[in-house]
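For this chain, numbers begin at 1 and follow the sequence in order. Any value given below was found using the heavy atoms of this structure, including those in side chains, with hydrogens, waters and symmetry copies removed.
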Amino acid sequence: MSNKLKQYAAKLAEAEATKVGTAPLTSIDSELTVKEAYSIQLENINKKLEQGQKIVGKKIGLTSKAMQNLLGVGEPDYGHLLDSMVVENGGNISIEDVLQPKVEAEIAFILKKELRGPNVTTLDVLQATDYVVPALEIVDSRVKDWKIKLADTVADNASSGYYVLGGKPTKIEDVDLELIGMVLTKNGELVNTGVGAAALGNPASCVAWLANKLSEFDIPLREGEVILSGALSAAEVATKGDTFTARFAHIGQVSVRF
């Protein structure tokens, strides 16, 4: 890995540590590629592993056409989930621990066997899934004012912050993933609704995309991992005192407070 990319990784790590956003990497280096951005992401993840943190899953971002169009891309992106990102259902997140958080409601897949691309299909994902549960993802950008392009969010671990799992473990065969409805409230007020099909037509298709994308880096999706399959609606800004609850048809609800 070049010294230039290591310097970029250090900028993001410093922003995370100090809670002061950095300039977009793409404003510093307009030639920064998505492949280089994934290398930056892995550099910071590996440093966290050296510090004793553990990878517990992956998250998929940019699964909606609206978000892809906004960033001018034709496919999703992904980041790593670490054990330090887990928040209990109904738990609290200190506003001092985040920079500029937003909340998304998603369906989480818990795997019972490994998925290794390429050529993973949606059916493979369904067969490899132990169960699904409702999830809230707290996305947070280390780039000041969320002024990101694709390479910026990829380098920044796909703007990952924290995540919360809730509801009741539900077997795949007991739900229609495309038709699961979701209602997101903020302080008791309705702010968003969504449906499973909002994530690439089927959340399981997102997981298949991820398994195949990771094959480029020789990384599998492992047994027991949590896969956040992508937002079912727009991200909502979170401020101190806010409580978010997502209620999903058939699989239950999940909440978090700031």
Side-chain angles (χ1 to χ4, degrees), residues 9 12-13 16-17 38 40-61 63 76-94 97-98 101-117 120 124-125 128-142 153-172 199 203-204 206-215 217-231 246 248 251-252 254-256:
L12 291 170
E16 184 172 10
Y38 277 119
I40 294 168
Q41 179 188 131
L42 280 171
E43 171 77 3
N44 279 333
I45 290 296
N46 286 333
K47 279 201 164 65
K48 290 182 177 183
L49 296 181
E50 289 167 9
Q51 294 162 5
Q53 297 184 44
K54 294 183 174 65
I55 293 172
V56 293
K58 311 287 190 305
K59 62 140 307 177
I60 308 166
T63 52
D77 69 346
Y78 74 87
H80 291 76
L81 300 178
L82 300 166
D83 55 353
S84 58
M85 299 178 181
V86 179
V87 178
E88 290 298 312
N89 189 17
N92 296 302
I93 295 172
S94 170
D97 290 339
V98 284
K102 299 182 180 184
V103 177
E104 299 175 342
E106 313 192 8
I107 296 170
F109 288 67
I110 315 301
L111 300 181
K112 63 184 177 184
K113 66 179 185 180
E114 182 177 282
L115 283 170
R116 186 183 287 272
V120 170
D124 294 331
V125 172
T129 299
D130 191 10
Y131 57 88
V132 293
V133 290
L136 291 174
E137 184 186 1
I138 294 80
V139 291
D140 194 20
S141 182
R142 271 56 64 171
T153 183
V154 166
D156 190 24
N157 196 30
S159 305
S160 299
Y162 293 92
Y163 73 95
V164 192
L165 301 183
K168 55 185 189 212
T170 304
K171 294 294 182 184
I172 284 280
C206 301
V207 181
W209 172 86
L210 177 61
N212 293 326
K213 182 69 177 177
L214 285 172
S215 70
F217 304 91
D218 196 31
I219 299 172
L221 299 181
R222 302 184 190 282
E223 177 187 348
E225 283 195 334
V226 175
I227 311 298
L228 300 182
S229 61
F248 291 73
I251 63 173
V254 57
S255 65
V256 73

task: For a side chain to side chain donor-acceptor pair (under 3.5 Å) with Asp130, tell me which candidate from Lys113, Lys171, Lys112 qualifies.
output: Lys171
Does [X] reach the main-chain N or O of [Y] with its side chain, forming a donor-acceptor pair under 3.5 Å?
X	Y	value
Asn89	Ser255	yes
Ser229	Ile107	yes
Glu137	Tyr163	no
Thr170	Lys168	yes

Show the nearest heavy-atom pair for residues [X] and [Y], with the distance to one decimal.
X	Y	value
Gly166	Val133	O-CB, 3.4 Å
Ala108	Leu228	CB-CD2, 3.8 Å
Ile45	His80	CD1-CB, 3.7 Å
Arg116	Asp218	NH1-OD1, 3.2 Å
Val120	Asn212	N-OD1, 2.8 Å

message: Per the salt bridge (charged side-chain N to carboxylate O under 4.0 Å, His left out) rule, what does the pair list look like for residues 156-167, sequence neighbours excluded?
response: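 Only Arg142-Asp156 qualify under salt bridge (charged side-chain N to carboxylate O under 4.0 Å, His left out).
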task: With side chain to side chain contact (heavy atoms under 4.5 Å, CB included) as the test, would you mind laying out the steps for Val56 and Asp83 before giving the verdict?
output: CA-CA 6 Å; Val56 293; Asp83 55 353; 4.0 Å; yes
- request: Just do the side chain to side chain contact (heavy atoms under 4.5 Å, CB included) check on Asp77 and Tyr38 with the steps written out, would you?
  value: CA-CA 10 Å; Asp77 69 346; Tyr38 277 119; 3.6 Å; yes
message: Does the plane of the ring in Tyr78 sit parallel, tilted or perpendicular to the ring in Phe217? Use 30° and 60° as the thresholds.
response: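 Judged by the thresholds at 30° and 60°, the geometry between Tyr78 and Phe217 is perpendicular.
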Salt bridge Glu104-Lys59, side-chain N to carboxylate O under 4.0 Å: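 Salt bridge absent between Glu104 and Lys59.
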message: Determine whether Leu82 and Leu49 satisfy the following criterion, side chain to side chain contact (heavy atoms under 4.5 Å, CB included), listing intermediate values before the conclusion.
response: CA-CA 9 Å; Leu82 300 166; Leu49 296 181; 4.2 Å; yes
Worked check of side chain to side chain contact (heavy atoms under 4.5 Å, CB included) between Val139 and Ser160: CA-CA 5 Å; Val139 291; Ser160 299; over 6 Å; no
